[in-house]
> 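What follows is a structure written as structure tokens; I'll ask about it next.
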Amino acid sequence: MPRLRVAIQRTGWVRLGMEVGVYYRGFETMPTRAPYPFAEIEPRWQTAWAETRCFRAAQPGEPGSEKPKVYILDMFPYPSAAGLHVGHLEGYTATDIVARYRRMRGMNVLHPMGWDAFGLPAEQHAMQTGTHPRVTTAKNIDNFRRQIQAMGFSYDWEREIDTTDPKYVRWTQWIFLKLYEKDLAYVAEAPVWYCPALGTVLANEEVLPTNEGPRSERGNHPVERRPMRQWMLKITAYAERLLQDLDLLEWPESLKEMQRNWIGKSEGAEVVFAVDGSKEKIPVYTTRPDTLFGATYLVLAPEHPRVASLTSPSQKTAVEKYVRESSAKSDLERTELAKKKTGVPIGAMVVNPVNGEKIPVWVADYVLASYGTGAVMSVPAHDERDFAFAKAYGLPIRKVIRPESGSVPDCFTEDGVNFDSGFLDGLKTPKAKAAVIDWLEKRGLGRRQVRYKLRDWLFSRQRYWGEPFPVVWKGDQHQPLLEKELPLTLPELADFQPTASGEPPLGKAETWKKLPDGRMRELNTMPQWAGSCWYYLRFCDPHNDSLPWSAAAEKYWMAGGGVDLYVGGAEHAVLHLLYARFWHKVLFDLKLVSHPEPFRRLVNQGIILGEDNRKMSKSIGNVVNPDEVIREHGADALRVFEMFLGPLEQMKPWSSKGMEGSVRFLARVWRLVCEETESGEWIPSPTLVDEAPEPETVKALAKATAKVTEDLEKLQFNTAISALMVLVNHLTGLERRPKAAVAQLSKLLAPFAPHLAEEVHARLGEKGLASVAAWPTFRKEDLEEESVELAVQVNSKLKGRMILPSKAGKEEIEKMVRVHPEIRTWTGGKIVQKVIVVPGRIVNLVT
RNA sequence: GCCCGGGUGGUGGAAUGGCAGACACAAGGGACUUAAAAUCCCUUGGGGAGAAAUCCCCGUGCGGGUUCGACCCCCGCCCCGGGCACCA
């Protein structure tokens with residue numbers, strides 16, 4: 001709807017001679033006029049930027065590459081049908097501000113954008129409508145690109161990447177071959193998560209525990225365990241390095257902690273218990289081998305392979321019943337909510353290797369088959385779970401560790417000192433652990449062991465819209481394709497439905513799957529994460545047709561520890577960010593990249609809640625559509641508002657009132673250079689003068705420049721904008737506004753509201769584009785006030801103020817306070833015992 | 001239960017040992033206008049005294065502590081958000 005200016009409405013009223021009441025009624029339904037002509041300004045500058053290619057990053061060797069480089073990256077989006085939401089834009093705005101700032105600081109900035117475009121939604125859409133995912137994806141990408149470009153982001157569009165492009169897929173498959181050659185890709189028959197609703201298997205990382213049981217991360221569908229033959233990537237081979245190298249990274253501590261938890265390293269020992277009256281041995285894994293003397297029984301998981309063979313005839317019925325019941329239980333029943341532990345003795349005894357004692361063997365489902373050896377030694381006195389179990393079944397509890405001071409609690413799980421432990425007596429926990437392991441190792445009864453919770457990455461999916469594996473099968477032997485056979489592209493299909501038997505949709509491509517020599521293609525495709533595992537490397541050299549990236553480009557852009565700033569949501573903590581680190585390390589070992597980590601510095605933007613303080617959701621109807629906001633208020637205002645809302649990393653609610661405030665701020669900037677006439681035309685403001693700024697204005701400029709610069713370095717955009725507001729308020733208050741001052745403002749504003757900044761810059765007759773202008777500087781002495789107001793406290797209570805020369809030293813200040821005319825009133829005539837002076841801040845008199 | 005964040009006006013937030021509440025939103029008042037919108041200016045943490053300039057008291061989740069001085073550091077608790085959770 002076109003916006004009508006007030007003046008037109010006014011004349012309309014006069015000319016048409018409408019009655020006042022009619023006029024009012026019409027008026028209320030009319031949109032208010034735009035506070036400044038952003039709809040005209042914004043497209044103009046977007047075109048200018050595109051035409052001058054001013055955001056193009058210089059490749060090493062090209063002119064411009066001699067500047068210091070900086071790589072500023074966003075987590076590229078999956079182009080969904082719903083389009084971008086304001087949450088995406090928050091992170092993208094933040095990185096764009098930094099990219100623009102760095103460019104103005106004279107750096108060669110790599111700031112690219114692309115599309116993580118393989119994925120299930122397009123495929124499901126295809127199942128419903130028959131539209132090929134390629135078509136849907138292309139449409140969605142166009143829409144995303146349009147939305148992103150409407151925001152005026154300074155991406156180097158010549159580097160745009162689409163993970164579904166065969167030119168890109170080729171290299172994703174190429175990297176897979178590298179993993180394959182290094183024996184990091186293998187096929188295994190294992191119990192895996194299968195999601196019937198999605199018709200595919202999922203990686204551990206893609207399954208979330210919920211109150212309704214395990215669910216898929218995408219779509220929240222129930223998932224179940226199924227033994228299936230699948231491709232796995234050996235991420236566990238890198239567990240230790242993935243853990244250790246977290247220390248190299250400037251990432252949020254919470255996120256590093258999540259990765260540490262996921263990797264789940266524990267150090268302990270495997271201890272072997274011999275079965276009494278048999279040659280069988282049962283290894284258990286424990287992190288507390290020092291408590292071995294306190295072991296009073298042993299527990300096997302119900303799925304433990306030896307349960308059946310070790311069960312005595314008298315216990316057979318009870319054990320079989322228990323195992324059957326356990327397997328029928330959901331994971332939920334077996335874990336969280338099941339406070340009560342259950343189990344059955346199997347009628348066998350094992351020998352404790354340290355003291356030869358015979359202890360009973362139980363089966364209980366509080367022991368997990370999937371972790372360790374599926375068997376534990378139970379030390380009820382020093383483990384809470386064992387304690388609960390022993391209490392429930394009246395099993396003996398034997399204390400062998402005491403705290404260094406105080407009495408021994410019933411169940412003491414911390415480090416302490418051993419007693420009643422034979423050769424371990426008197427040893428503190430760390431020493432006792434080492435001693436018992438040495439003792440066991442010497443006798444072949446156990447060994448030191450490090451374990452990780454991290455499992456290998458299930459890498460195949462029964463989907464169509466993904467990268468085909470560059471692998472063929474000859475019988476049950478797999479073989480890699482040759483490099484020159486890449487890319488292996490997807491066959492055209494009309495029917496994308498997976499079959500109930502779990503056969504992937506590619507199985508329907510009869511001519512594609514069968515090779516002339518009788519070999520068969522792999523029918524699974526790669527998960528969506530494959531493309532995002534290395535896109536940041538492709539951005540370094542996106543048009544290379546002979547290599548995924550050239551060594552020179554990688555070395556140049558990834559110097560200094562990889563991507564310099566990576567911004568995205570925290571939901572990728574153990575998915576994308578772990579997988580990408582893993583691939584990067586493999587590439588590092590292959591000498592294809594120059595640093596062991598891909599993302600040196602990572603920042604998570606906080607989510608933006610709806611105006612009602614709830615998570616934005618279509619079903620609640622509190623989603624803010626950026627297209628509408630831009631239409632109504634302009635992209636600059638949206639950028640400014642998203643940054644002004646609060647600290648980047650914090651969760652914060654949307655506010656349409658606050659949004660209007662940002663528009664008002666930008667309109668004030670606009671009105672520094674333009675004034676509206678009676679008839680609604682914008683004309684150059686007569687307040688603009690070709691004069692040197694007054695000292696007050698010089699000071700205001702210096703302050704703003706210092707504050708904005710400092711805040712940009714720290715990504716504190718909200719306070720930077722507030723400093724700009726202070727400057728604008730100052731300039732608005734001036735009757736004569738020096739052009740140079742407003743020009744400096746336009747440059748400070750350029751990273752935040754680039755369109756308006758360009759317009760103001762141009763209207764002031766400044767040369768070139770504000771976007772690539774040199775960042776303003778300031779003289780230090782302009783920050784210094786001649787005199788400063790000092791707060792005077794007596795016994796830490798504020799009593800008064802005094803104005804002092806700002807260069808006054810401590811002694812001088814003290815002297816001046818002591819002779820201040822009001823000193824007696826302030827101190828109440830008491831004798832001053834001590835004076836604390838903080839120059840420029842306070843004076844505190846202690847009486 | 002464990003591990004990370006966080007708790008400041010009516011609201012979003014600012015201040016990381018030195019004048020709590022920058023900047024903005026909302027609210028109220030004023031100017032301009034026939035009127036409205038827009039714009040500009042003023043007031044605005046709470047309570048109290050005063051005709052007034054002004055002055056006093058309270059105040060950063062709660063309770064202690066360190067310090068001349070604490071939103072900030074330390075100890076103990078409460079609440080909110082996120083993550084992990086029978087991983088031996």
Side-chain angles (χ1 to χ4, degrees), chain A residues 6 9-10 20 23-24 27-28 30 32-35 209 252-258 260-262 264 266 268 284-288 291 299 334-336 338-339 341 364-368 370-379 382-386 388-389 413 451-453 570-571 573-574 604 606-607 641 644-647 649-662 664-665 667-668 671 676 707 716 718-726 729 732-733 789-801 833-847:
Chain A
V6 162
Q9 292 168 7
R10 218 181 267 155
V20 171
Y23 168 71
Y24 270 123
F27 186 86
E28 276 167 14
M30 273 183 198
T32 53
R33 101 192 130 73
E253 202 43 51
S254 60
L255 202 141
K256 288 203 224 177
E257 202 54 34
M258 274 191 238
R260 287 192 193 105
N261 283 341
W262 190 259
S266 79
V284 302
Y285 175 70
T286 176
T287 53
R288 290 298 299 271
T291 62
V299 187
R334 284 180 61 164
T335 58
E336 289 128 72
K339 295 249 160 66
K341 294 193 169 21
D365 63 10
Y366 78 91
V367 173
L368 307 177
S370 57
Y371 186 79
T373 59
V376 303
M377 63 181 218
S378 275
V379 187
H382 304 292
D383 181 285
E384 285 183 22
R385 297 150 302 185
D386 297 340
F389 191 77
T413 58
R451 282 186 177 268
Y452 302 90
K453 280 198 281 176
E571 67 273 18
V574 292
N604 292 128
I607 56 173
F641 178 59
F644 187 64
L645 212 46
E649 302 190 61
Q650 194 170 302
M651 181 195 293
K652 40 206 179 283
W654 181 263
S655 152
S656 49
K657 283 290 180 189
M659 184 63 229
E660 287 170 29
S662 295
R664 272 205 286 274
F665 162 63
R668 279 156 81 89
R671 285 196 308 269
E676 195 174 20
K707 177 71 177 155
Q716 289 170 1
N718 55 331
T719 49
I721 291 168
S722 129
L724 288 170
M725 286 172 170
V726 172
N729 290 346
T732 300
E789 198 183 59
L790 218 60
V792 182
Q793 298 180 338
V794 175
N795 295 329
S796 308
K797 293 216 165 180
L798 184 66
K799 289 291 170 183
R801 295 161 212 284
Q833 310 279 358
K834 194 173 164 190
V835 179
I836 291 136
V837 180
V838 184
R841 301 247 183 214
I842 58 125
V843 184
N844 192 6
L845 309 170
V846 184
T847 62

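Proteins come first, then strands; the chains are lettered A, B, ... in the order of their sequence lines, and each starts at number 1. Just so it is clear, the structure is predicted and the values come from calculations on it, not from any experiment.
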> In Å, rounded to the nearest 0.5 Å, how long is the span from CZ of R288(A) to OG1 of T413(A)?
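Separation between the atoms: 7.5 Å.
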> Would you find more than 12 non-hydrogen atoms of other residues, nucleotides or ligands less than 6.0 Å from Q650(A) atom CD?
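Counting other residues, nucleotides and ligands, CD of Q650(A) exceeds 12 neighbours.
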> So does R841(A) have more than 12 non-hydrogen atoms from other groups sitting under 6.0 Å from CZ?
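Counting other residues, nucleotides and ligands, CZ of R841(A) stays at 12 neighbours or fewer.
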> Tell me: CG of L798(A) to P of G59(B), nearest whole Å?
16 Å
> Give none if A37(B) has no partner; otherwise give the nucleotide forming a Watson-Crick or G-U wobble pair with it, both distances under 3.5 Å.
none
> Using whole Å, what does the distance between atom P of nucleotide C86(B) and atom CE of M377(A) come to?
20 Å
> If I take atom NZ in residue K453(A) and atom C1' in nucleotide G83(B), what distance separates them, rounded to the nearest angstrom?
11 Å
> Quantified in whole Å, what is the P atom distance between nucleotide A85(B) and nucleotide U60(B)?
39 Å
> Mark yes or no for a side-chain to base donor-acceptor pair under 3.5 Å between N844(A) and C68(B), with no hydrogen or angle criteria applied.
yes
> In whole Å, I'd like the distance from the NZ atom of K652(A) to the C1' atom of G7(B).
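Whole-Å distance recorded here is 17 Å.
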> Considering only side-chain heavy atoms of K341(A), which listed nucleotide, C86(B), C19(B), G18(B), is closest?
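Out of C86(B), C19(B), G18(B), the nucleotide with an atom closest to K341(A)'s side chain is C86(B).
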> Using Watson-Crick or G-U wobble geometry with both distances below 3.5 Å, tell me the partner of G5(B), or none.
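C80(B) - that is the nucleotide pairing with G5(B), both distances being under 3.5 Å.
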> Rounding to an integer number of angstrom, what distance separates U54(B) and C40(B) when you compare their C1' atoms?
30 Å
> Heavy atoms only: give me the nearest Y285(A)-G372(A) pair and the separation to one decimal.
CB-CA, 4.2 Å
> U8(B) C1' sits how many Å from Q650(A) CD, rounded?
12 Å
> Determine if the base of G9(B) is syn or anti; take syn to mean the glycosidic torsion is within 90° of 0.
syn
> Ignoring hydrogens, what is the shortest heavy-atom contact between V284(A) and A375(A)? Give both atom names and the distance.
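Where V284(A) meets A375(A) most closely, the heavy atoms are CB-O, 3.5 Å.
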> Round to the nearest Å and state the distance from M651(A) atom CE to G12(B) atom C1'.
15 Å
> Check the distance between G13(B)'s P and L645(A)'s CG and give it to me in whole angstrom.
7 Å
> Ignoring the backbone of N261(A), work out which of G13(B), C19(B), C84(B) is nearest its side chain.
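Closest nucleotide among those given: C84(B).
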> Tell me which of S266(A) and V846(A) sits closer to the 5' end of RNA chain B, going by the nucleotide each one is nearest to.
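The 5'-side residue here is V846(A).
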> Taking atom CZ of F641(A) and atom CG of N718(A), what is their separation to the nearest 0.5 Å?
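Spacing of CZ (F641(A)) from CG (N718(A)) equals 11.5 Å.
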> Base, sugar-phosphate, or nothing for P252(A), non-hydrogen atoms under 4.0 angstrom?
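Touches nothing.
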> Say we look at G1(B) and C56(B): how far apart would their C1' atoms be, to the nearest angstrom?
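Their C1' atoms lie roughly 50 Å apart.
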> With the criterion being N/O to N/O and under 3.5 Å, what pairs connect the protein with nucleotides 23-26 of chain B, and how long is each?
from, atom 1, to, atom 2, distance (Å)
C23(B), O4', S722(A), OG, 3.4
A24(B), OP1, N729(A), ND2, 3.0
C25(B), OP1, R664(A), NE, 3.1
C25(B), OP1, R664(A), NH2, 2.9
A26(B), OP2, R664(A), NH2, 3.4

> Would you give the length of the straight line joining atom CG of D386(A) to atom NZ of K341(A), rounded to the nearest 0.5 angstrom?
9.0 Å
> Roughly how many Å apart are A15(B) and A24(B), using the C1' atom of each and rounding to a whole number?
16 Å
> If you check the P653(A) side chain, which of G83(B), A14(B), G12(B) turns out closest?
G12(B)
> If I pick the C1' atom on A70(B) and the same atom on G65(B), what distance separates them, to the nearest angstrom?
11 Å
> May I ask which nucleotide in the shown strands pairs with A27(B), Watson-Crick or G-U wobble, both distances under 3.5 Å?
U43(B)
> Which residue lies toward the 5' end of RNA chain B, Y371(A) or I836(A), if each is placed at its nearest nucleotide?
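Whichever sits nearer the 5' end wins; that is I836(A).
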> Nearest to the K797(A) side chain among C57(B), C86(B), G69(B), which nucleotide is it?
C57(B)
> Once rounded to the nearest 0.5 Å, what's the spacing between atom CD of Q833(A) and atom CG of L845(A)?
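Interatomic distance, Q833(A) CD to L845(A) CG, rounded to 0.5 Å: 11.5 Å.
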> In whole Å, what is the span from the CG atom of L255(A) to the P atom of C84(B)?
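One finds 11 Å between P of C84(B) and CG of L255(A), rounded.
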> If we take the P atom in both C72(B) and G17(B), what is their distance in whole Å?
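Between the two P atoms, the distance is 11 Å.
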> Starting at OG of S656(A), measure out to CE of M659(A) and round the result to the nearest 0.5 Å.
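Those atoms lie 10.0 Å apart.
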> Under a 3.5 Å limit for both distances, which nucleotide forms a Watson-Crick or G-U wobble pair with C19(B), could you say?
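C19(B) is paired with nothing.
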> In whole Å, measure the gap between the C1' atoms of G12(B) and G30(B) for me.
27 Å
> In whole Å, what separates the P atom of G21(B) from that of G81(B)?
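Going atom to atom, P in each nucleotide, I get 31 Å.
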> I need the N604(A) CG to E649(A) CD distance, nearest 0.5 Å.
7.0 Å
> Measuring to OP1 and OP2 of C40(B), would you say a side-chain N or O of R671(A) lies under 4.0 angstrom away?
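Yes, such a contact exists.
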> Out of A22(B), C19(B), G12(B), which nucleotide sits closest to the side chain of I842(A)?
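Side chain of I842(A) sits closest to C19(B).
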